[in-house]
2 protein chains.
Amino acid sequence: MNSVNDFLSLDKQLCFAIYEASSQFTKLYTNVLHPFGITYPQYLVLLALWEKDGLSAKELGNRLNLGTGTLTPMIKRMEVNNWVKKERSTTDERRVSIFLQPKALREKDAINQSIAKAIDTCNIELKEYEALMKQLKMLREKLELRHEKA
Amino acid sequence: MNSVNDFLSLDKQLCFAIYEASSQFTKLYTNVLHPFGITYPQYLVLLALWEKDGLSAKELGNRLNLGTGTLTPMIKRMEVNNWVKKERSTTDERRVSIFLQPKALREKDAINQSIAKAIDTCNIELKEYEALMKQLKMLREKLELRHEKA
DNA sequence: TACAATTAAATCGTACACGATTAATTAAAT
DNA sequence: ATTTAATTAATCGTGTACGATTTAATTGTA
């Protein structure tokens, strides 16, 4: 096995390691969230709204790096399930603000405690956690920088 | 902002950092691969087959952590575009082996050079690269361990 | 004022991703 | 040998994801 093939090996590819980690997290969160009737991306929406309720679709999209092609139908599903409510702005009728519904406030603690408990069973050291966050931040900056150039 | 809300902040969540990194990689690879007429997940399939041609659908699924619900239609698309060919095993007619087509061998170098060039422009230090790989491996092991317990 | 450019959402088409079910084949057990 | 269990793919339904286009509302400017 020469060095070129070695570089090409799936196991050596950072993209794949991240792809795998992401899908593992998705599965973990999906399991935990299933009893509550929300999906992992929907949970990310709730996280954003718990931080700041009433964000517009656009702002939510910026926060989560998602376009309207993803968000619009997702919000619609969350609306049907009484997690959020959409409200057209009166001052600018293009804008749609998304507000948490009582259910989302009521379930907040239970959901987050379930998540915290599940994450806890993984025994991830605080040190590793922080190191990973720091390195992913660096990576993100480099990938973003490249995007702007292109 | 108290510590509970702090923990709940999107920016503090490892899952989100990885979710972001993954989608950034997807976008980067998508851009590079688009001229060749393949998607990022399809490229991962090619990577696996370049390493070992003739894998069965099941083996490919294990390698990439994908089920048949994802792979079957994806392989079908790759077959239509002449990247791979499916062959039913004669000894065990349940098994379907997937073989690279000439196109996939012909384009291999060009594709990988394009990817390498794009990654290169990100200026990711070898040190960071390796550190991230190592930590993601540790994380994967912990997440996998948890899966088995559940 | 009028009208062009910009902005915000919604819509559309394609492609993953996954759990659950089904269908066909092989292996195992009595 | 027959039945049962296990294995492998395919199929189905739901839910992201994303680029491109469309629609509606607002802003900028001639």
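Convention: sequence-line order gives letters A, B, ...; per-chain numbering from 1.
One finds a side-chain N or O of A:K27 lying less than 4.0 angstrom from the OP1 or OP2 phosphate oxygen of C:dC18. When the side-chain nitrogen and oxygen atoms of B:Y40 are compared with OP1 and OP2 of C:dA15, none of them lie within a distance under 4.0 Å. Taking side-chain N and O atoms only, B:K76 has a distance below 4.0 Å to OP1 or OP2 of D:dT11. For B:Y29, no side-chain nitrogen or oxygen approaches OP1 or OP2 of D:dC18 to under 4.0 Å. Proximity of A:R88 to the phosphate of D:dA24: no side-chain N or O atom is located under 4.0 Å from OP1 or OP2.
Counting any heavy atom pair closer than 4.0 Å across all strands shown, B:L71 reaches no nucleic acid atom. Residue contacts for A:S56: at a heavy-atom cut-off of 4.0 Å it reaches the sugar-phosphate backbone alone, with no base atom in range. Counting non-hydrogen atoms under 4.0 angstrom, A:S22 reaches nothing in the nucleic acid. Residue A:G69 is classed as a base contact, given a heavy-atom separation below 4.0 Å to a base. The residue B:S89 sits apart from the nucleic acid: no heavy atom pair falls under 4.0 Å. Backbone-only contact: A:T39 has heavy atoms under 4.0 Å from sugar-phosphate atoms and none from a base.
The B:R95 side chain lies nearest to D:dT8 when the options are D:dT8, D:dA17, C:dT7. Each of D:dC18, D:dA9, D:dG15 was ranked by its minimum atom distance to the side chain of A:L66; first place goes to D:dC18. Listed nucleotides D:dT26, C:dC16, D:dA6 differ in distance to A:D92; the shortest reach to its side chain belongs to D:dT26. Comparing D:dG15, C:dT6, C:dC18 against the side chain of A:R94 picks out C:dT6 as the nearest. Checking D:dA10, C:dC16, C:dA9 against the side-chain heavy atoms of B:P41 singles out C:dC16 as nearest.
Nearer the 5' end of DNA chain D, as judged by each residue's closest nucleotide, is the contact made by B:T72, out of A:N65 and B:T72. The nearest heavy atom of DNA chain D to B:T70 and to B:E59 marks one nucleotide each, and the one closer to the 5' end goes with B:E59. Residue-to-nucleotide proximity on DNA chain C shows that, of B:N81 and B:T90, the 5′-proximal contact is made by B:N81.
Taking OG1 of A:T121 as the reference point, atom CG of A:L28 lies at 7.0 Å (rounded to 0.5 Å). For the atom pair CG of A:L46 and CE of A:M78, the computed distance is 4.0 Å after rounding to the nearest 0.5 Å. Note that the NZ atom of A:K127 and the CG atom of A:L132 stand 14.0 Å from one another [nearest 0.5 Å]. Summarising the geometry, atom CG belonging to A:L64 is positioned 9.0 Å from atom CG belonging to A:L47; distances are rounded to the nearest 0.5 Å.
As a whole-Å value, the separation of A:E20 CD from C:dA17 P is 12 Å. Between the CE atom of A:M78 and the P atom of D:dT16 there is a distance of 9 Å, rounded to whole Å. Rounded to a whole Å, the CG atom of A:L33 is 14 Å from the P atom of C:dG19.
In this structure, D:dT21 and C:dA10 make a Watson-Crick or G-U wobble pair, each of the two defining distances being under 3.5 angstrom.
Of the charged side-chain nitrogens involved, none lies within less than 4.0 Å of a carboxylate oxygen, so that B:K52 and B:E59 do not count as a salt-bridged pair. Using a 4.0 Å cut-off between charged nitrogen and carboxylate oxygen, A:K103 and A:E107 do not count as a salt-bridge pair.
In terms of polar N and O atoms assigned as donor or acceptor, the side chain of B:T68 comes within less than 3.5 Å of the base of D:dA10 in a complementary pairing.
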